[in-house]
There are 2 protein chains.
Amino acid sequence: MPVRAFDLKVLKKYILNGWEFHVIEMLHDLKPVEIAALIETLDEDTRGKLFLLLDVDTASEVISELSDDSRDDVLDDITDKDLAKIVDDMDSDDATDLVGDLGKSRAERVLSAMGDQESDLIRSLLEYPEDSAGGIMQRELVSVSHNATIDHAITSIRQQHSEIDDIHSVFVVDENNGLAGTLPLVSLVLAKPDTLVSQVMEVEPMSIPVNMDQEEVARVFKQYDSVVMPVVDNHGMLIGRITVDDIMDIMEEEATEDMFLMAGAEEDLLSSSILKNVWSRSPWLLVCWIGGVLTTFLIQGFEPVLSRLVGLAAFMPVIMGMGGNVGAQSVTLVVRGLATGIVPTTHLTRIIFKQLGVGLMLGTLYGILLGGVAFIMYPEDFRMGSIVCLSIINSMVLASMVGTALPILFFKLGKDPAVASAPLVTTTIDLLGVSAYFCIAAILLF
Amino acid sequence: MPVRAFDLKVLKKYILNGWEFHVIEMLHDLKPVEIAALIETLDEDTRGKLFLLLDVDTASEVISELSDDSRDDVLDDITDKDLAKIVDDMDSDDATDLVGDLGKSRAERVLSAMGDQESDLIRSLLEYPEDSAGGIMQRELVSVSHNATIDHAITSIRQQHSEIDDIHSVFVVDENNGLAGTLPLVSLVLAKPDTLVSQVMEVEPMSIPVNMDQEEVARVFKQYDSVVMPVVDNHGMLIGRITVDDIMDIMEEEATEDMFLMAGAEEDLLSSSILKNVWSRSPWLLVCWIGGVLTTFLIQGFEPVLSRLVGLAAFMPVIMGMGGNVGAQSVTLVVRGLATGIVPTTHLTRIIFKQLGVGLMLGTLYGILLGGVAFIMYPEDFRMGSIVCLSIINSMVLASMVGTALPILFFKLGKDPAVASAPLVTTTIDLLGVSAYFCIAAILLF
């Protein structure tokens, strides 16, 4: 399945020497996705050179499969005119993504160099928000009138087959292009040629409103096990279709986005510059830093307590660490649970209470364990053990609560729960946990 | 798309009063997936009652769509004999998952109550590891001989259409049932009835080896934008097929698994008991606890340093916190990057070096900021500022390194990088960061 055994060194030599014929021969048996995988393994200079050797048909398929990084390398090496030809040949959804990622002026140059019909199509698709159904749909589809016969539907497929990949269904429309039904290919195969499509189509077909959020679209696909769905505008007119391969990309994207959001980092690990990396990580680290400075002031305020029992400092890290980890666990469980629908939104209070119970049990367990350690370390003063025990219980209960309630709160406010990221949660917990620790100490010691 | 407007209260009343006819009428227009969604919203007692009113056909589709929780409720209320009928009607992959989840003795009772052919099929599928291609494939498929005509292929589809959902392709086999090609439905639609399938089929089709890991299967589907793929045994014989709806489930499952693994938690937020929750979270918390206790001993060893400058304690949390967060960011980026292929496995050293640079810049930035704060708080002793500044740099560089290198190390050892979870990373960083802090302090103070 992956790129077949292949002599990369030989290929590179051919490319660098400009032995086009040899290169083309080597690539002959590869599928576009395999050529794309091959380009990924090349260095910046050879990527563009190899790509320029591809014919338009292959190039238009290869370019949709490339990583952002390789695509940028390739785009740097290609003229606007050649790019226009390639974009013209791409599926409208992939073409729109590509043009949308070009700079504004280059996008305009490429669109002007294309045929009017195709460039108008792309311009119209660029109007939709990138993460809506309109932003991911493609215009290419096979549709027939509800008055047509099966034979007519087959003729439509024959005419458009070369331009449209992955025809899974034919969409049936009424006089006004309103979506009237869908006709899966299997029904087409089994029906007699002179049957009316309206007799065998699925009526009241599932459809996606053009402004639906892509995450919601993915959920509908998953729920109904669909491979393709028609997209309709506000008046129920058929304007495009979404295929399952885009849904797989979205599912992966959304999971990655949530994970990175939760860790407070968003970056392209390999390609972007160190400075960009530093910048993209900074917001959460700043939150964490401010929380840290506040904690520092707070502890300084407790210096009289600390001076009385210097040993108190020794237990600070473990109390914060246990709280932080419990909090990170809770926040992950809730965020992912909400994203996948494992957590039914009707039972949110029940979840908060359950997490309270979990925090209390864990806190008691580890509180007793660590209190014991403190007692052994400071046998002369039993108060140390009590302070540590109570503080761990407090810190872990607090952490479960914050870690559970914060993402639920964001969700209730209509925000992405993943924004209630681990840094925010751990910083809050640190601050609250340490204050409580010193308060407990102050009460028990004085 | 979601469950249509529906009077739940009325439905519940009907169910509890046993007014079967009314219930069945209310459910009449709903698709199986919608009935499943409806069952999720009911309480434990009504779930089973509603399910028992469904006909076998509907029940077999509904049960595959239920959450584990609702499914267990339903299974509790149904006799082995009725369950056998439902399982008999399910797709073999879903049937196998269901039977595999029953207790051993109940599974045996249900299988014995089924037809021999279907139960043998399930028994054979139960042999494959759950997370391999064999564990997710279904046996139901349409295959024809390479000598057959298109007309013959259509007849095969017609015969099996009622039993097999989602026929996307017909698989072509040779005399020994070896996979010879695939025939997408669209080719079938366009070809003339008397054409030989071998003339229009795709030769050298992509196929999935039966022992391939499901995560790898998902990657292949995503890479090739497939909706269905044939599964072959070690001799290239066609033994099943995998459809894209299962792939979507796997992608979601795997992302969730990675997230939970990284947070060191694995639990069903709503259904399982508090005790089970406590138990599933314990391993990582124990790691964290042991790390915490070690840190405690370590700090206790530095008590002479601390007594000399009690203010040192105040900066511990922020130094640990900054390190912990940078570490969690790095580990998330690397784990997810490896899982999605964003991080090419050929450039791992480059990534480690880049993260070193990022850590160094972030550390210097925040080190100077916090050193400044320390200088303002302790103007009488400039050493405090230097200690804090150096310690933050050390802690953040260390954190990027551990957070990047640990998952890469796990990956190189052939383990799941997600096991290098955030708790493990933060605990390691805490321990190393705090030791370094006191060492730096000891050196500068004495």
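Here is how names work: the chains are called A, B, and so on, in the same order as the sequence lines, proteins then strands, and each is numbered from 1. It should be emphasised that the depicted structure is a prediction, and the values quoted were computed from it without experimental measurement.
- Distance check, rounded to the nearest 0.5 Å: CG of Leu261(B) to OG1 of Thr332(A) gives 11.5 Å.
- Residue with the most contacts toward chain A among Thr340(B), Ile167(B), Asn325(B): Asn325(B) (heavy-atom pairs, distance under 4.5 Å).
- Within the 4.5 Å cutoff, side-chain heavy atoms of Trp289(A) are placed close to those of Val373(B).
- Residue contact with chain B, scored on non-hydrogen atoms closer than 4.5 Å, involves the side chain of Tyr378(A) exclusively.
- The only option from Val170(A), Ile154(A), Ile150(A) that meets the side chain to side chain contact (heavy atoms under 4.5 Å, CB included) definition with Val189(B) turns out to be Ile154(A).
- For Thr426(B), the part lying near chain A is the side chain, with the backbone staying farther off; criterion is any non-hydrogen pair under 4.5 Å.
- Proximity of Leu285(B) to Gln329(A): side-chain heavy atoms (C-beta onward) are separated by under 4.5 Å at one or more points.
- When each of Leu431(A), Leu294(A), Leu369(A) is checked for heavy-atom pairs under 4.5 Å with chain B, Leu369(A) comes out on top.
- In this structure, Ile299(B) CD1 and Leu312(A) CG are separated by 11.5 Å, a value rounded to the nearest 0.5 Å.
- Neither the backbone nor the side chain of Asp246(A) comes within contact range of chain B; no heavy atoms are under 4.5 Å apart.
- Interatomic distance, Met248(B) CE to Met251(A) CE, rounded to the nearest 0.5 Å: 6.5 Å.
- Nearest heavy-atom pair across Leu306(B) and Ala313(A) is CD1-CB, 3.6 Å.
- Only the side chain of Glu65(A) comes within less than 4.5 Å of a heavy atom in chain B; its backbone stays farther off.
- When each of Asp249(B), Val318(B), Leu298(B) is scored by its heavy-atom pairs under 4.5 Å with chain A, the top score falls to Val318(B).
- Ring planes of His168(A) and His168(B): perpendicular class, angle over 60° (limits at 30 and 60°).
- Asp245(A) contributes atom CG, which lies 12.5 Å from atom CZ of Phe221(B) (distance to the nearest 0.5 angstrom).
- Taking Leu185(A), Ile157(A), Leu190(A), Val186(A) one by one and counting their heavy-atom pairs under 4.5 Å with chain B, the maximum is reached by Leu190(A).
- Of the atoms belonging to Val335(A), not a single heavy atom falls under 4.5 Å from chain B.
- Distance CE/Met320(B) to OG1/Thr295(A): 11.0 Å, rounded to 0.5 Å.
- Counting heavy-atom pairs closer than 4.5 Å to chain B, the top residue among Glu303(A), Arg219(A), Met262(A), Lys222(A) is Lys222(A).
- Of the residues considered (Ala339(B), Ser282(B), Gly301(B), Ala328(B)), Ser282(B) shows the highest number of contacts with chain A, using heavy-atom pairs under 4.5 Å.
- Within the 4.5 angstrom heavy-atom criterion, atoms from both the backbone and the side chain of Val278(B) approach chain A.
- Contact annotation for Val293(A): both backbone and side-chain heavy atoms come within less than 4.5 Å of a heavy atom of chain B.
- When the candidates Met396(A), Glu40(A), Met361(A) are compared by the number of heavy-atom contacts under 4.5 Å with chain B, Met361(A) comes out ahead.
- To the nearest 0.5 Å, atoms CD (Gln223(A)) and NZ (Lys31(B)) are separated by 10.5 Å.
- Listed options Phe297(B), Tyr366(B), Trp284(B) were ranked by heavy-atom pairs under 4.5 angstrom with chain A; first place goes to Tyr366(B).
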Determine whether Glu34(A) and Tyr224(B) satisfy the following criterion, side-chain hydrogen bond (donor to acceptor under 3.5 Å, both in side chains), listing intermediate values before the conclusion.
CA-CA 9 Å; Glu34(A) 291 164 342; Tyr224(B) 289 89; 3.0 Å; yes

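- Each of Glu252(A), Gln300(A), Arg158(A) has some count of heavy-atom pairs under 4.5 Å with chain B, and the biggest count is that of Glu252(A).
- Contact count against chain B (heavy-atom pairs under 4.5 Å) is highest for Pro317(A) among Gly359(A), Gly357(A), Pro317(A).
- Both the backbone and the side chain of Leu286(A) come within contact range of chain B, each with at least one heavy atom under 4.5 Å from a heavy atom of that chain.
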